[in-house]
Amino acid sequence: MTARLAQIWRYPLKAIGRERLSRVELSKGETLPFDRYWAVMHDGATKKLNEDGSLGQWLPKSAFLRAAASPALQAVSGGLSDGKLSLSHPEQGEITIDPNVEDDAERLIEWVTPLWPENKEPPARLVTAPDALTDSKKPFVSINSLDSLSELETKVGGRLGVERWRGNLWIEGAKPFAELDWIGRELTIGPARLRVMEPIGRCSAPAVDTQTGKPDHDMVRALGEHYGHSNFGVYAEVLEGGELAEMDEIALVETSGDAEQPDRDSDA
């Protein structure tokens, strides 16, 4: 396998915005720095807050604004710069806030409210927690494949792009969907070492065109029809950290117990 790290993406505000990085420092047992560091909690979940209004624990995605419940959120771009969140939406325009300033946090709530369905609990509070507010409680990074994406785009007959999948590390140079065969195996990306833990089962969020915020392709259905499952990408645990950069080489770690892996039948 000759594979490289093609793209690095981070999502400082859960489900709202995205930013591409040229390099990132991974640490053992942690997510990408500032990935899903903040989230907007809806009013129905605020009872989980401490008396001082802080969030002291990880909570599942159902406690926060999320794209599966509001396709319009998928069209938000932007991320973290000099300690401030700068976001943009084709209908809402642009906003820059300091997430540590209460008045700025309230401005963000006002800005995002029109993008959230009126029949759901309204946006209530910008929060952070001791642990990253990723969909998985465990501190994983996500790995997706441009080769898998290209094959899937061919099957659905249109461009899908990387943005809708909200993955961290995008690789290229492996066979399409080979990453699903790496569960339980270790790999190196540049100086870092990771263990692939589990596939990422997809929900309805990737069905949305990130330019418009409108649904265009049912990805759960497409994956099921073409591959017999709804998995796209994998979660990995960082075993040894290091600074990653685009174009870093990727290699599977061979052990004495490894057997030759059969080619994956991507049409299964």
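- Across all their heavy atoms, Ile16 and Arg166 have their closest contact at N-NH2, 3.6 Å.
- Remark: the backbone N or O of Arg66 is not paired with any side-chain donor or acceptor of Ser70 at under 3.5 angstrom.
- The two atoms that bring Ser148 and Ser145 nearest to each other are N-OG, 3.1 Å, heavy atoms only.
- Within the model, atoms CD of Glu163 and CZ of Arg18 stand 5.5 Å from one another, a figure rounded to the nearest 0.5 Å.
- Applying the side chain to side chain contact (heavy atoms under 4.5 Å, CB included) rule to Thr46 yields the partners Met41, Asp43, Leu49, Ala124; only residues at least two apart in sequence or on another chain are considered.
- Here the closest non-hydrogen pair linking Ile8 and Ser22 is CD1-O, 3.8 Å.
- Within a 6.0 Å radius of CD in Glu25, other residues, nucleotides and ligands contribute more than 12 heavy atoms.
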Could you go through the side chain to side chain contact (heavy atoms under 4.5 Å, CB included) check for Val127 and Trp38 one step at a time?
CA-CA 6 Å; Val127 297; Trp38 294 278; over 6 Å; no
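- The hydrophobic clustering, which links ILVMFWY residues whose side-chain heavy atoms are closer than 4.5 Å, places Leu146 and Tyr227 together.
- Remark: Leu13 CG to Arg10 CZ distance equals 12.5 Å, nearest 0.5 Å.
- Under the side chain to side chain contact (heavy atoms under 4.5 Å, CB included) criterion, Asp52 pairs with Asn50, Ser54, not counting sequence neighbours.
- In this structure a side-chain-to-backbone donor-acceptor pair under 3.5 Å is missing from Asp104 to Val101.
- When atom types are taken as modelled, the side chain of Gln74 and the backbone of Ala205 share a donor-acceptor pair closer than 3.5 angstrom.
- Side-chain contact between Val156 and Leu152 is present, with at least one heavy-atom pair separated by less than 4.5 Å.
- For Asp135 and Lys14, the salt-bridge test passes: some basic side-chain N is under 4.0 Å from an acidic carboxylate O.
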Could you walk me through whether Val40 and Arg125 pass the side chain to side chain contact (heavy atoms under 4.5 Å, CB included) check?
CA-CA 6 Å; Val40 176; Arg125 191 174 184 88; over 6 Å; no
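- No side-chain donor-acceptor contact under 3.5 Å links Trp165 to the backbone of Leu149.
- At a threshold of 4.5 Å between non-hydrogen side-chain atoms, the residues Ser77 and Leu87 do not count as touching.
- Contact annotation: the side chain of Ile200 approaches that of Tyr235 to within less than 4.5 Å [non-hydrogen atoms, C-beta and beyond].
- Listed by first and then second residue, the side chain to side chain donor-acceptor pair (under 3.5 Å) pairs involving residues 187-210 are Glu186-Arg193, Glu186-Arg195 (not counting sequence neighbours).
- Of the N and O atoms on the side chains of Ser86 and Glu94, not one donor lies less than 3.5 Å from an acceptor on the other residue.
- Counting only heavy atoms from C-beta outward, the side chains of Pro122 and His42 never approach each other to under 4.5 Å.
- Proximity of Leu73 to His89: side-chain heavy atoms (C-beta onward) are nowhere separated by under 4.5 Å.
- Between Ala192 and Leu26 the shortest heavy-atom distance is CB-CD1, 4.3 Å.
- Pro33 meets the side chain to side chain contact (heavy atoms under 4.5 Å, CB included) test with Val24; sequence neighbours excluded.
- Taking each heavy atom of Gly173 and Asp147 in turn, the nearest pair found is N-OD2, 2.7 Å.
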Residues Val234, Leu180; criterion side chain to side chain contact (heavy atoms under 4.5 Å, CB included); working and verdict:
CA-CA 7 Å; Val234 293; Leu180 296 180; 3.9 Å; yes
All N/O donor-acceptor pairs, side-chain side in residues 110-117, below 3.5 Å, sequence neighbours left out:
residue : atom : partner : partner atom : Å
Trp111  : NE1  : Gln92   : O            : 3.2
Thr113  : OG1  : Ile109  : O            : 2.6
Trp116  : NE1  : Glu121  : O            : 2.7

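- Using bins of under 30°, 30° to 60° and over 60° for the plane-to-plane angle, the ring pair Phe232/Trp170 lands in the tilted bin.
- If you chain together hydrophobic residues whose side chains sit under 4.5 Å apart, Ile183 and Ile171 fall into the same group.
- The structure places OG1 of Thr31 at 9.0 Å from CZ of Arg36, a figure rounded to the nearest 0.5 Å.
- Every residue two or more places apart in sequence or in another chain was checked for a ring pair (Phe, Tyr, Trp, His ring centres under 6.0 Å) with Phe64, and none qualifies.
- Side-chain contact check for Gln7 versus Leu169: every heavy-atom pair is 4.5 Å or farther apart.
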Evaluate Arg107 against Ile95 for side chain to side chain contact (heavy atoms under 4.5 Å, CB included), listing each step before the verdict.
CA-CA 9 Å; Arg107 285 200 301 117; Ile95 185 172; 3.8 Å; yes
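- Heavy atoms of other residues, nucleotides or ligands lying less than 6.0 angstrom from CD of Glu153 number more than 12.
- Hydrophobic clustering (ILVMFWY, side-chain heavy atoms < 4.5 Å, transitive): Val162 and Val141 are in one cluster.
- Taking 4.5 Å as the limit, every side-chain heavy atom of Leu194 sits out of range of all side-chain heavy atoms of Leu239.
- By the 30° and 60° cut-offs, the orientation of the rings of Tyr11 relative to Trp9 is parallel.
- Under the 4.5 Å side-chain heavy-atom criterion for ILVMFWY residues, no single connected hydrophobic cluster contains both Val208 and Val76.
- Here CZ of Arg159 is found 10.5 Å from CG of Asp216. Values are rounded to the nearest 0.5 Å.
- Separating the CD1 atom in Ile189 from the CG atom in Leu244 is a distance of 6.0 Å, to the nearest 0.5 Å.
- Annotation: the span from Ile143 atom CD1 to Asn168 atom CG amounts to 9.0 Å, rounded to 0.5 Å.
- In the hydrophobic cluster analysis, where Ile, Leu, Val, Met, Phe, Trp and Tyr join through side-chain heavy atoms closer than 4.5 angstrom, Tyr37 is grouped together with Leu80.
- Atom CZ of Arg221 sits in a sparse spot, with 12 or fewer heavy atoms from other residues, nucleotides or ligands closer than 6.0 Å.
- In this structure, the side chains of Leu5 and Met247 stay at 4.5 Å or more apart for every pair of heavy atoms.
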